[in-house]
Amino acid sequence: MKASRLLMPTLRQVPAEAEIASHQLMLRAGLMRKLASGIYSFLPLGLKAFKKVENIIREEMDNSGAQELIMSALLPSEIYIESGRWEVFGPEMFRLQDRGGRDFCLGPTHEEVFTTTVRNEIKSYKALPVTLYQIQTKYRDEIRPRFGVMRCREFVMKDAYSFDRNEEGLDQSYQAMRDAYCKIFDRCKLDYSIVQADSGAMGGSGSEEFMVKSDIGEATLAFCNDCGYAANDEKAQCKPVPEENNDPYYTMEKESTPDVKTIEDLEKFFNCKSSQFGKTLLYQADDQVVAVMVRGDRDVNETKLKNYLRCADLALADEETVVKATSAQVGFAGPVGLKVRLIVDLEIPEMKNFIIGANDTGYHYKNANFGRDFETKEIVDLRNITEGDACPVCGGKINIAQGIEVGHIFKLGTKYSEALNCRFLDENGKEQPVIMGSYGIGVGRTLASIIEQNHDENGIVWPVSVAPYHVIIVTVNNADEQQMALSEKIYKDLQAKGIEVLWDERNERPGVKFKDADLIGYPVRLTVGKKASEGIVEYKLRKEEHYTDMSVEDALAAAVAFVKGI
RNA sequence: CGGGGUGUGGCUCAGCUUGGUAGAGCGCUUGGUUCGGGACCAAGAGGCCGGAGGUUCAAAUCCUCUCACUCCGACCA
C-alpha cells in the first residue's frame, strides 16, 4: 500500500475527549473516530489491527476444536423472556420494535441464542460435546461509556459456549478454552494475569478472568507473590488477622457523642484510629432489612454479601428504614439491642474493646466485645481485601493492582439449559440438561489494551503480530529519483516476500513522515535517504532507539527475519 | 440518576465579565523556495458561534428551555 492513497488521518494534537493513552493514540494515529458517546468507527489502519487480533482469536479457537458460526445481533424478545433476562437486563439492553409492534433487542450477550440453537439441533449424547463460537457485535447501553473502546456501547466480542454431557466434560471444555486464551493473549504480547472471579449467587461452579494489569483498569485485583493466588476484589477471600493485644476486657460504657456521626468524627472525638471502631451498616436485601458489621476502616463487599444472602437486589437502606431499625438517627447504628438480622465480618470476633453505635441518637458504646455484649451466629467474610492483608491460601502478603478485563471464562452449569429446556438423551434414553460453559473476549478492548501496554511518548509500538503493517518505507526526498527508484524496488521485493508493507511516498518533509511512522508504530522502518545512490538504507525497529545503515539486501533480509520471527 | 464542566471552521483553543452579526495556531488548496525529525514566503477556501425561544435598534456574548459531549459519583453480564 502506498501512503499517499491510504486514509490515515493522523492528528498532531490530542483530542479533548480522550483521557487515557490508548484512547488518545487510537484517535491520533487515525485508527478510529467517535460517532457518538461509546460508538466508534474503525478507519483502515484501525481495522487492519483489529482484524489481526480477530484472526489470532479465530486461529486459536479453531485449534482448540471450537466451531465458528454467527448469530444475528437483532434478536426477538421471546428467548430473553424465556430465560428471564428480558427483565434482568433492564435499561442496559437496547430495545426496539418492528413495524408490527413486536419486541426485539440488540443482543448484549448470546447465551439464549446459542442455547436455543443447540436445544433445537442437538438431541443425542452422541453429538456432544460441542463448543461453538462467534466473533460478533454486541450492544449494551452502558450507563457511562468510557476510555474509547475500553467501555463502549457497540463492541465486538468473541463469545463461545460449550455444551457437555457432564461436569467432567465441562472441565475439559473449560480447560481447552483456558489454554486457548493463554495462547491468544501471549500472541498479542499482553502482560496478563488469570484471576479467580465471582460467579454470582445463581451462577455455576467456577469463573476466571484474564486481566491486563494497568492503572487505568476498572477492576481491582488481589495478588499473592508468594503462592501465586490471584483474584478480583469481588471474589478475594479475607482472612482475619488476630490482633496482638493483651489488654483485659473492659466493661462496656455508654458515652455521649453528640453530632459525632461519621468515622472521621469518631476518630477525632475518641482520638483513636478507625480500626478501633465497629461499623454497622443497614442494607435492604430484597424485602428484608439486615445489619452488617465490619471494622471501621473496612469496606463492605456487596458482592460477597449478595452471594451470602442469595438476594437479587441489594442496596444501603434509606434513612427512614435505618431510623426504624435502630430507633436512632443515621450515624448511631450498632449491634447491641438491634431488632434486625445481624451479620458480622470475620474480623469482628477478633476485635477487643472497640467502639460501636448505641442505637441512641448522640451516644456510642466504648469497650464493646463480641460474644459478651452482642452476638450472632452469622460470622462471614464480608469485606473488601486490602493491600497487606494475609493471603487466604498461604498467609503471605497481598498486593493490590488495577486490571483491564479482556477475557472471562465461566462454568455456567445448567443455568441456561434448565431455563431454556436444552436437553439431550443419554445412553439410557434418559433426558438430561446440557452442561454449559461460556467464554468471552472483548476484541476492541484487547486491541486497546495492547496499545495501553505497548506505547511510548512518540506513539504506538505495535507487536508484529497485530501491527497494521509490518514495515514502513520512508523515502526521505521524493524529488530524488534514486531514492524513489530504490524505495519502489524495496517495496516490491517485500511485497513479493509476503511482508505487509506501507510505502510512505507522500510529498511530505521527512520529519512529518518520521513522526507519523512513530505515532502509528510500524514495527520495522526502512529509511531510504542520501545513501540510496550507494545502495545503503537505514534499518530501524520501532521498539529500539538505535538504527543501522545496511545494504539493501541486508536490510531486506533483516526485515523479513524480524517480521517472521526468525 | 445526582453533582461539576464544555459546546465557536477538520483538530486545539481565544473572544463572552463590560452586546455592535467572528479570531489565532495547526491542518486543507494554489504558486514558489525547500527536503534526515511535525519547514518558509505569498495568495486562498472553509464557521448562520450545538438547537429553539426571549430581551434589545443590535446577541457568540444577557435570560429561559432543550440537545450533545465530558469528568466525578451511584449503578453494572
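Please read all numbers here as calculations on a predicted model, not as lab measurements. Chain A is the first sequence line, chain B the second, and so forth, proteins listed ahead of strands; every chain is numbered from 1.
- Pairing for rC1(B) goes to rG73(B), judged as Watson-Crick or G-U wobble with the two contacts each under 3.5 Å.
- Atom name C1', nucleotides rA60(B) and rG23(B): the rounded distance is 12 Å, in whole Å.
- Contacts of Arg146(A) with the nucleic acid, taken as non-hydrogen atoms under 4.0 Å apart, involve only primed sugar atoms and P, OP1 or OP2.
- Nucleic acid contact for Asp518(A): base, since at least one base atom lies under 4.0 Å from a heavy atom of the residue.
- Side-chain atoms of Arg28(A) come within 3.5 Å of backbone atoms of Leu11(A) as a donor-acceptor pair (strictly under, hydrogens ignored).
- Distance from the side chain of Glu92(A) is smallest to rC76(B) among rC35(B), rG37(B), rC76(B).
- Position along RNA chain B of the nearest nucleotide to Arg28(A) versus Ala479(A) favours Ala479(A) as the more 5'-ward residue.
- Phosphate proximity of rU70(B) to Ser37(A): present, with a side-chain N or O under 4.0 Å from OP1 or OP2.
- With both ends at atom P, the span from rU55(B) to rC63(B) equals 15 Å, rounded to whole Å.
- Among the atoms of the strands shown, base atoms are found under 4.0 Å from some heavy atom of Met157(A).
- Side-chain to base pairing of Asp516(A) with rG38(B): one donor and one acceptor N or O lie within less than 3.5 Å of each other.
- With both pairing distances under 3.5 Å, rC13(B) is matched to rG23(B) as a Watson-Crick or G-U wobble pair.
- If you take CE of Met8(A) and P of rG38(B), they are 17 Å apart, rounded to a whole angstrom.
- For Pro15(A), the side-chain atoms get nearest to rC11(B) when compared with the rest of rA77(B), rC13(B), rC11(B).
- Residue Thr527(A) is in base contact, counting any heavy-atom pair closer than 4.0 Å across all strands shown.
- Backbone-only engagement by Ala16(A) is indicated by non-hydrogen atom pairs under 4.0 Å involving sugar-phosphate atoms exclusively.
- Atom C1' of rG51(B) sits at a distance of 7 Å from the matching atom of rC67(B), rounded to the whole Å.
- Listed nucleotides: rG38(B), rC35(B), rU12(B). Nearest to the side chain of Gln13(A): rU12(B).
- Of the nucleotides present, none pairs with rA60(B) by Watson-Crick or G-U wobble criteria with both distances under 3.5 Å.
- Pairing partner, rC35(B): none, since no Watson-Crick or wobble contact has both distances short of 3.5 Å.
- What separates CZ of Arg151(A) from P of rC71(B) is a distance of 12 Å, to the nearest Å.
- Among rA77(B), rG36(B), rG38(B), the nucleotide with an atom closest to any side-chain atom of Val512(A) is rG38(B).
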